[in-house]
Amino acid sequence: MNINKEENKDVGLNSTKDPVGKVTGFFLFKNLTTNYASDKNLDDNERKKIKKYGVASFILSLIGVLISISCLLSTTIGNDFVGFSYALILIIYILGGVVISLILAIYSFIFAVMQIRLNRKAIGIIGLSLSILSAIASLLLVVFLII
């Protein structure tokens with residue numbers, strides 16, 4: 001095997017590229033905030049064209065709203081689960097409808113604020129309102145789980 005050292009020079013420990021970071025959500029957030037600093041330094045015409053933070057906010061909050069509302073609707077149907085299946089369904093409701101939806105709402109809120117601070121596009125306002133709606137829906141699910 002003949003490995004070209006020039007092609008693989010940034011694969012080592014001191015590399016600036018992070019191949020695992022492109023997959024995980026935290027590193028996606030880290031990469032977008034790093035890109036945000038460079039996007040703020042652009043001139044006004046190029047900065048007005050950027051919509052990626054608002055789109056990310058919209059997608060994350062829409063996923064959060066759909067998850068929490070689907071869990072909310074399934075709790076109001078009144079399933080007759082008992083024993084282990086009831087505990088398993090309750091864990092799924094808590095993890096899926098509350099925790100994941102709330103985390104997605106926080107991330108989408110941050111992205112919406114980034115979009116609004118960058119260029120005040122309408123997609124940022126929509127993402128902000130949907131992130132608040134997602135947080136309210138996940139908290140409403142907590143209320144329905146208690147009752």
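Note that this is a predicted model, so its numbers are computed, not measured. Heavy atoms only: backbone and side chains are in, while hydrogens, waters and symmetry mates are out.
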Examine [X] and [Y] and state if one hydrophobic cluster contains both, with Ile, Leu, Val, Met, Phe, Trp and Tyr joined whenever side-chain heavy atoms are less than 4.5 Å apart.
X      : Y      : answer
Ile125 : Ile110 : no
Ile126 : Val65  : yes
Ile132 : Phe58  : no
Ile50  : Phe111 : yes
Leu130 : Leu73  : yes

Original post:
So which pairs with a foot in residues 50-64 pass side chain to side chain donor-acceptor pair (under 3.5 Å), sequence neighbours left out?
Top reply: Asp39-Lys52, Asp39-Tyr53
Original post:
Is the number of heavy atoms from other residues, nucleotides or ligands within 6.0 Å of CZ (Arg120) greater than 12?
Top reply: no
Original post:
side-chain contact (heavy atoms from CB on, under 4.5 Å) between Met114 and Leu118: does it pass, once the steps are laid out?
Top reply: CA-CA 6 Å; Met114 288 167 63; Leu118 188 64; over 6 Å; no
**OP:** Give a yes or no answer on whether the side chain of Gln115 reaches the backbone of Gly124 with a donor-acceptor pair at less than 3.5 Å.
**Re:** no
**OP:** Without swapping roles, check the side chain of Lys121 against the backbone of Lys48 for a donor-acceptor pair under 3.5 Å.
**Re:** yes
[atom2] on [Y] to [atom1] on [X], rounded to 0.5 Å:
X      : Y      : atom1 : atom2 : result
Ser138 : Ile103 : OG    : CD1   : 10.5 Å
Ser108 : Ile59  : OG    : CD1   : 11.5 Å
Ile67  : Ile100 : CD1   : CD1   : 6.0 Å
Leu42  : Lys49  : CG    : NZ    : 10.5 Å
Leu60  : Phe109 : CG    : CZ    : 14.0 Å
Leu139 : Leu102 : CG    : CG    : 6.0 Å

Subject >> Sub-4.5 Å side-chain heavy-atom contact between Val113 and Arg117 >> reply: yes
**OP:** State, to 0.1 Å, how close Gly64 and Ser101 come at their nearest heavy-atom pair, and which atoms those are.
**Re:** O-OG, 3.1 Å
Return all side-chain donor-acceptor pairs below 3.5 angstrom for residues 140-147, not counting sequence neighbours, or 'none' if the list is empty.
none

